Colleague: 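Dumping the structure here so I can ask a few things about it.
Computed from a prediction, not measured in an experiment: that's the story for all the values here. Note that ligands are numbered from 1 as they come in the structure, with each ligand's atoms numbered from 1 the same way.
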Amino acid sequence: MLYPQSNRYRWVTNLNGIWRFEAVGDSYSPATPLQGGGLTAVPASMNELVTDPSISNHVGRVVYEREFSIPQLPECEYRLRLGAVSHRCEVFLNGEKLGEGINGYDPVDLQLEKLSEKNRLTVVIDNRLTNHTFPAGRLKKERQIINHDFYNFTGIHRDVLIYTRPKRCIQDVIIQTVVGGNYHRVRAEVHTSCKRLHLTVLDRDGKAVAESDGGELWISEPMLWSPASPYLYTLAVETESDRYEERFGIRRVEVKGDSFLLNGEPIYFKGFGMHEDFFLLGKGNNGAVNIRNFELLKWIHANSIRTSHYPYSEEILSLADEYGILVIDEVPAVGMNWWEENYGENGIDDTTLALHRELIKRLHARDKNHPSVVMVSVANEAATNEAPAKAYFENVMGYARELWALPITVVEFYHAEETLASQFADVICINRYFGWYYDHGDLSVIEEQMKNELCGWHDRYQRPILVTEFGCDTVEGLHALPAESFSEEFQWAYFEACGKAFDACPFCIGEHPWAFADFKTKQGLTRVRGNRKGVFTKDRQPKSGARYLRERWKNIK
Ligand code: BDP
């Protein structure tokens with residue numbers, strides 16, 4: 001799947017902006033234009049824009065609609081691409097169904113065949129989560145039960161693009177780089193119905209450094225991609241009727257013994273799990289917010305992120321390539337705690353498994369050429385301790401490994417001796433909240449408990465361990481000496497205690513405090529306007545913990 005681009009053969013426009021909007025019942029039909037309702041914005045979540053709680057918390061269907069007119073160019077195929085619609089959608093053009101989206105975090109890319117002078121585009125969104133959606137959820141009457149800790153935002157969350165491509169076009173470009181010796185191989189697999197093919201690798205200055213008429217290219221003395229030097233090349237693919245340019249980086253990723261190696265050098269992961277979440281925008285992708293996030297990652301000396309708990313926008317991944325931020329790419333399998341054997345027809349079953357595999361495939365189709373993606377996570381905190389988890393995770397992790405030439409992992413909540421999933425992981429990833437969800441407020445237990453935990457995992461699996469979550473809710477401006485939970489002093493001391501444990505474990509390959517910034521959740525007794533474990537506030541200013549981490553990470557190369 002290629003991201004749309006514009007050149008002499010291709011053209012892109014966007015349909016972002018103001019759309020008509022209405023929360024509707026199941027009897028709604030797109031045959032006639034939307035009559036009632038109001039207005040909303042794209043990309044954004046509708047929940048943050050309306051003031052009526054019954055709409056903001058609406059469980060069910062909402063309709064987005066707008067008109068558009070575009071120039072009709074000869075000899076090309078028109079396509080519509082919705083970057084992400086949460087969670088499922090049906091798309092109609094002038095009342096006729098074009099297709100559907102099955103998940104809230106990957107693009108819906110559809111052919112536009114019958115364009116008129118004036119067109120009505122209708123997107124019917126369903127935000128209900130069941131055992132057959134990702135994230136999974138359950139419905140009790142019309143009440144939505146979710147098992148994950150972020151707000152169930154609804155809307156068109158990423159750009160809506162219309163693009164053309166020639167009838168005979170380049171459909172896909174898969175780039176693999178092989179690092180070794182003085183020459184480095186770039187293998188390009190081009191899917192196309194065109195006859196003639198020419199490939200050119202351009203360096204950062206636009207100078208051609210390798211050319212071929214297909215297949216492999218060799219680059220001598222290339223610049224390798226790494227966080228310290230995120231060097232990007234461009235592969236220009238040209239045919240008799242089309243052209244496409246894809247950026248890529250040359251790098252080698254391996255897990256060896258207790259180390260995670262990038263270009264042969266051990267990596268220590270410093271960074272965060274985060275969320276796509278900002279004031280008013282909800283999960284709407286926004287360039288300014290994205291840039292601020294990456295600037296803060298650099299400021300704090302981070303080198304990595306995990307796309308907890310779903311694939312982030314393509315724009316974010318492109319920025320990660322450019323800023324040199326390593327990405328652990330996660331599919332939206334979060335809080336899967338409902339196995340069929342306990343929950344019957346509301347449980348996770350073969351249909352769930354098939355969708356999970358499909359989402360891993362789509363993640364690969366979308367993200368395969370990003371050098372920043374160095375590991376794939378198939379789930380966060382599933383009930384990996386229950387009997388069905390073994391075959392299930394063996395299946396999805398095996399499938400991920402067939403697609404990606406990268407380490408595969410699963411992020412664990414259960415203990416080393418309980419889980420049936422981590423045996424299939426190349427890197428052990430664990431989330432731990434000592435001193436917070438257990439022994440709340442007791443800073444003195446954290447270092448020892450964390451150390452014991454890490455050693456326990458290592459004794460059993462003999463693999464590198466990355467702590468993908470640890471942290472404490474912190475209200476900015478709240479101070480207490482001696483430190484008390486929720487204060488800025490506590491966050492500082494909490495990270496210090498965890499850091500001592502990590503430093504004592506040579507097989508610990510990194511630390512991702514939870515979370516990058518505060519974010520919205522459903523309301524709850526432990527959530528004061530959302531989850532406050534952010535190292536940065538929701539408006540992206542540092543709390544005390546950020547200053548501690550900045551000093552610590554500056555000295556970890
Ligand atoms: C972990 C989850 C994460 C939560 C976090 C928390 O992976 O999504 O937000 O706990 O409770 O279990 O803050």
Side-chain angles (χ1 to χ4, degrees), residues 86 104-105 129 134-137 145-153 269 271-278 282-283 305-312 328-338 375 377-385 389 393 409-415 418-419 421-422 425 428-441 446 449-450 453 457 465-476 485-486 490-491 494-495 498 510-538 543 545:
S86 283
Y105 306 101
L129 297 173
F134 281 83
I145 298 174
I146 59 172
N147 194 28
H148 56 264
D149 185 36
F150 51 97
Y151 190 80
N152 193 26
F153 283 118
F269 288 81
F272 301 93
M274 47 205 302
H275 271 294
E276 289 179 313
D277 182 332
F278 197 68
K283 286 209 175 312
I305 59 170
R306 173 170 62 117
T307 69
S308 44
H309 297 304
Y310 40 81
Y312 292 175
I328 301 166
D329 218 357
E330 190 160 278
V331 292
V334 51
M336 297 177 67
N337 285 3
W338 299 301
M375 182 150 67
S377 159
V378 298
N380 179 74
E381 296 194 350
T384 54
N385 61 331
F393 282 99
T409 193
V410 57
V411 175
E412 293 276 19
F413 163 81
Y414 285 96
H415 292 285
E418 295 171 313
T419 174
S422 272
I428 302 292
C429 287
I430 55 172
N431 298 345
R432 286 296 174 268
Y433 289 93
F434 301 117
W436 192 257
Y437 289 124
Y438 321 95
D439 301 308
H440 180 87
I446 296 173
Q449 290 184 354
M450 185 68 93
E453 180 73 20
W457 280 90
I465 303 177
L466 171 58
V467 184
T468 30
E469 286 184 29
F470 60 101
C472 50
D473 290 74
T474 306
V475 179
E476 68 274 18
S485 58
F486 296 99
F490 189 89
Q491 192 186 40
Y494 187 95
F495 289 151
C498 293
E511 52 193 82
H512 275 185
W514 185 255
F516 174 72
D518 293 349
F519 58 92
K520 186 167 168 120
T521 61
K522 68 176 185 225
Q523 296 179 62
L525 277 174
T526 57
R527 297 288 177 260
V528 185
R529 283 218 84 195
N531 189 313
R532 307 295 291 271
K533 294 193 187 67
V535 166
F536 296 96
T537 58
K538 195 159 166 172
K543 300 182 192 169

Colleague: Distance under 6.0 Å and angle within 45° of the ring axis: does K533 meet both against Y433?
Modeller: yes
Colleague: Would K520 pass as a cation-pi partner of Y151, given that its NZ or CZ must be under 6.0 Å from the six-membered ring centre and within 45 degrees of the axis?
Modeller: yes
Colleague: Might you list the protein residues in contact with ligand 1, defined as having a heavy atom under 4.0 Å from one of its atoms, sorted by chain and number?
Modeller: D149, H309, N380, E381, N431, Y433, Y437, E469, W514, F519, R527, N531, K533
Colleague: Identify, with sequence neighbours excluded, every residue that meets salt bridge (charged side-chain N to carboxylate O under 4.0 Å, His left out) alongside E276.
Modeller: R158
Colleague: Can you sort out the partners of E476 under side chain to side chain donor-acceptor pair (under 3.5 Å), two or more places apart, ordered by chain and number?
Modeller: R532
Colleague: Does H148 have any ring-ring contact (aromatic ring centres under 6.0 Å, His included) partners at least two apart in sequence or in another chain, and if so, which?
Modeller: F150
Colleague: Taking R527 first and then D149, would you say they form a salt bridge - that is, a charged N and a carboxylate O separated by under 4.0 Å?
Modeller: yes
